[in-house]
Amino acid sequence: MRYRFFVPTLITLATCGLALAQSTARITPNFKDADITQIIEAVGAATGRNFIIDPRVRAQVTMLSTTPMTPEQFYQAFLSILSVHGFVAVPSGNLIKVLPDANMRQLPANDLPGRVSSTSDEVVTQVVAVKSVSAAQLVPVLRPMMPQNAQLAAVTGTNMLIISDRANNVSRLMRIIERIDRSGNSDVDVIPLQSATAGDTVRVLTALLGAGGGDAGNAVRIVADDRSNSIMISGDQNQRLRVKALIAHLDTPVDAGSETQVRYLDYADAEDLAAKLKGQLSSSSAATSSARGQPAGPVQPPQAGGNAPAAATSTSTTLSLEGGTATIWADKDTNALVITAPQRTMRALNSVIDKLDIRRAQVLVEAIVAEVSAGTANDLGVNWVIDGSAAGLAAGGFVVPVGSGNAPIVDLYNLYQGTSDTVPTGTTLAVGRYEATGVNFGLVLKALQTDTRNNIILTPQIVTQDNQEAKIEVAREVPFVTGQYTGTTGTTSAFQTIQRQQVGTILTVTPQINKGDAVMLKIEVESSELETTPVAGAADLITQKRAISTTVLIRDGGTLVLGGLTSDGSNASENRVPLLGRIPVLGELFRSRSKSTSKRNLMVFIKPSILRDDARAALETGAKYNFLREQQRQMNRETTLIPLLPLGRGAALPDISNGETTTPPSTAPAPAAPAAPASGTTP
């Protein structure tokens, strides 16, 4: 076996014509149509490396050299032979595997430039960081420069390229990437404009240069900064110079004079907006003058003979500005603004008007004032009087009021004599004797139980615009006496001073729609009514008042409680004759008792609904309209067998379900039959 291995080696060395010097090893390879395995054996013998050959490695190789090589140079030439024939040498520990390069991207490799020469054909893997351009954009540019089995990938998160190829090609690609990355690091020019506006100028340049801002190879980016009225340019230096020259031509004043425009407003009030614009111009003029150390321009009245209408319908103000004067006046009849100003000022004013003349959302505010109260009262008592004199004077008696406010029992003596004009309330049992002679007496037993229940619900509703105060009043004007004078002589007449106050329901609200669907409400709710039960010591009418004033934040369509009051009261009283009133059973003749309880629950709720468009407003309006119309239809229905007005109908709202209204039917009798009911219902 040793002989068979040694003989082919000697033959190969003899065929190659290797010349080995004694001081330095030199190799002069000379192969012609040799099997590639023979060359691998020669490289292994010259360099001392061990090879493992894949069975798929088959090729006939010709290698001619006239210059002696060192073993390392011979190895590099061997790697070039493998590259030409589609093979690759992969180090694996102390061994080198010779494989087809179809699997080159999965094989381990070294990195440049520390361990492998940049001119070698050895397979390497390199990670390149790109700074100024996108790594993903370089992939389609570099891929045609690489063999099919090489690997090129972009890591977009870190803007890096991963290249797996032979060292000499990887080195070439790295030099190309360095040049592209250097040229992509372009500067940015910021050009402030004096006369033109940044947005308009960028639109003109974009239309001229195209979407890419120039040629595909030398594209520039143009961005407008409206805040500073500047244009920013980035890209190739030559293209930037070209764009800067165009901007210089566009940024020139076209006309130093003024122009006049009539601006019809859609939603804003012309007089109100004109006052705000005048204040804006006055502030701008004062700021510019103070910056230059000059006094602000005076406000001048409009010149005679101008186009301003009469003072009854418009107001005018002339301001001295940089580059000319500005005049703004409002026409009330057409709700329009007439503006005379330089072009730059005109553009600024139109921009402000565009943002202020917008449709504001509306808010439907529904308040609910709910009050539930209940009270009970029980009165039980005995009153008596005895008259033993012929003159009709009382000799004794027990006369006290039974319950609060029940005065008829206090007038028992007149009732006994038959001269009282009041009738006792409740269950009253009376016995007595009234004659001219003898002992007269009278006795009254009174029992009364009272239950009172109140359920009051008030729902004031109002619609207003955002940030606009609105007020609804459903009340009566009630006169209250505030002072009086009674004359003591014939020349002085008596008089009274009366002040009228509103008694009813009053809702005042100012909504503010916040970002999203929240509504800030500044609200005042007041509900008052006249007190029906008299109060002792009151000089005039008495009113009950419930009022809340607060600011709350509610979401659209939500309901929030604003506040309320819960009260629970109890009162008991007893009147009796000392000692006698404490006698069991018999003491009931000498005492009277009363007891009352009261409970009251009062709550106020609020519900805002944002009406952003006509559809939402129509939906809310239709719901309220149809509810009221249905209530009227129910009231108009006759519930008796013989109607009082068989040919007449009560007043009702017209139908707006189809967007059309008709005249409500008259309440007077008509000879014609009533119209057919809407929606298939019976009127």
Side-chain angles (χ1 to χ4, degrees), residues 1-126 146-151 164-171:
M1 296 297 294
R2 295 178 59 187
Y3 175 77
R4 291 180 180 177
F5 175 75
F6 182 71
V7 172
T9 303
L10 292 178
I11 296 174
T12 303
L13 292 175
T15 306
C16 294
L18 298 175
L20 301 176
Q22 295 180 354
S23 58
T24 58
R26 295 285 179 176
I27 304 170
T28 305
N30 189 3
F31 297 93
K32 186 176 182 180
D33 294 333
D35 190 82
I36 193 171
T37 57
Q38 297 178 357
I39 298 179
I40 296 174
E41 292 176 358
V43 172
T47 60
R49 291 182 172 90
N50 300 319
F51 294 90
I52 298 178
I53 306 173
D54 189 276
R56 294 171 293 177
V57 178
R58 294 287 184 269
Q60 299 296 321
V61 180
T62 298
M63 180 180 179
L64 303 176
S65 177
T66 58
T67 303
M69 303 179 183
T70 63
E72 185 61 29
Q73 292 175 345
F74 185 31
Y75 180 73
Q76 294 297 328
F78 166 69
L79 294 179
S80 300
I81 293 175
L82 294 180
S83 177
V84 170
H85 291 277
F87 304 122
V88 61
V90 181
S92 178
N94 296 326
L95 300 176
I96 297 177
K97 296 183 289 186
V98 181
L99 305 171
D101 61 1
N103 301 326
M104 182 172 58
R105 65 181 65 186
Q106 289 88 15
L107 299 177
N110 295 322
D111 295 338
L112 283 175
R115 303 180 59 182
V116 179
S117 173
S118 60
T119 59
S120 173
D121 282 330
E122 185 174 346
V123 176
V124 296
T125 299
Q126 189 70 24
M146 303 176 64
Q148 181 179 1
N149 297 325
Q151 173 68 16
S164 181
D165 198 0
R166 302 187 184 276
N168 52 9
N169 195 35
V170 172
S171 178

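Predicted model only: the values in this text are computed from it and were never measured.
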Qualifying residues under salt bridge (charged side-chain N to carboxylate O under 4.0 Å, His left out), relative to D54, sequence neighbours excluded | R56
About how many Å separate CD1 of I81 and CD1 of I36, when rounded to the nearest 0.5 Å?
->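 Those atoms lie 7.5 Å apart.
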Using the side-chain contact (heavy atoms from CB on, under 4.5 Å) rule, take I52 and I96 through it: C-alpha gap first, then chi angles, then the decisive distance, then the call.
-> CA-CA 6 Å; I52 298 178; I96 297 177; over 6 Å; no
Of all heavy-atom pairs between [X] and [Y], which one has the smallest distance, and what is that distance?
X   : Y   : result
A59 : F87 : CB-CE1, 4.0 Å
V57 : V98 : CG2-O, 3.4 Å
V43 : T47 : O-OG1, 2.6 Å
A46 : P71 : O-CB, 3.6 Å

Are the side chains of P147 and N169 in touch, meaning some heavy atoms are under 4.5 Å apart?
->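 The answer is yes; the side chains approach within 4.5 Å.
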Any residue meeting ring-ring contact (aromatic ring centres under 6.0 Å, His included) with F78, in chain and number order, not counting sequence neighbours | F51
Any pair with a residue in [range] that passes salt bridge (charged side-chain N to carboxylate O under 4.0 Å, His left out), sequence neighbours left out, goes on the list, sorted by first then second residue, please.
range          : value
residues 71-93 : R49-E72
residues 85-95 : none
residues 75-95 : none

Not counting sequence neighbours, which residues clear side-chain contact (heavy atoms from CB on, under 4.5 Å) with Q60? List them please.
->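 Partners of Q60 by the side-chain contact (heavy atoms from CB on, under 4.5 Å) criterion, ordered by chain and then number, come out as D35.
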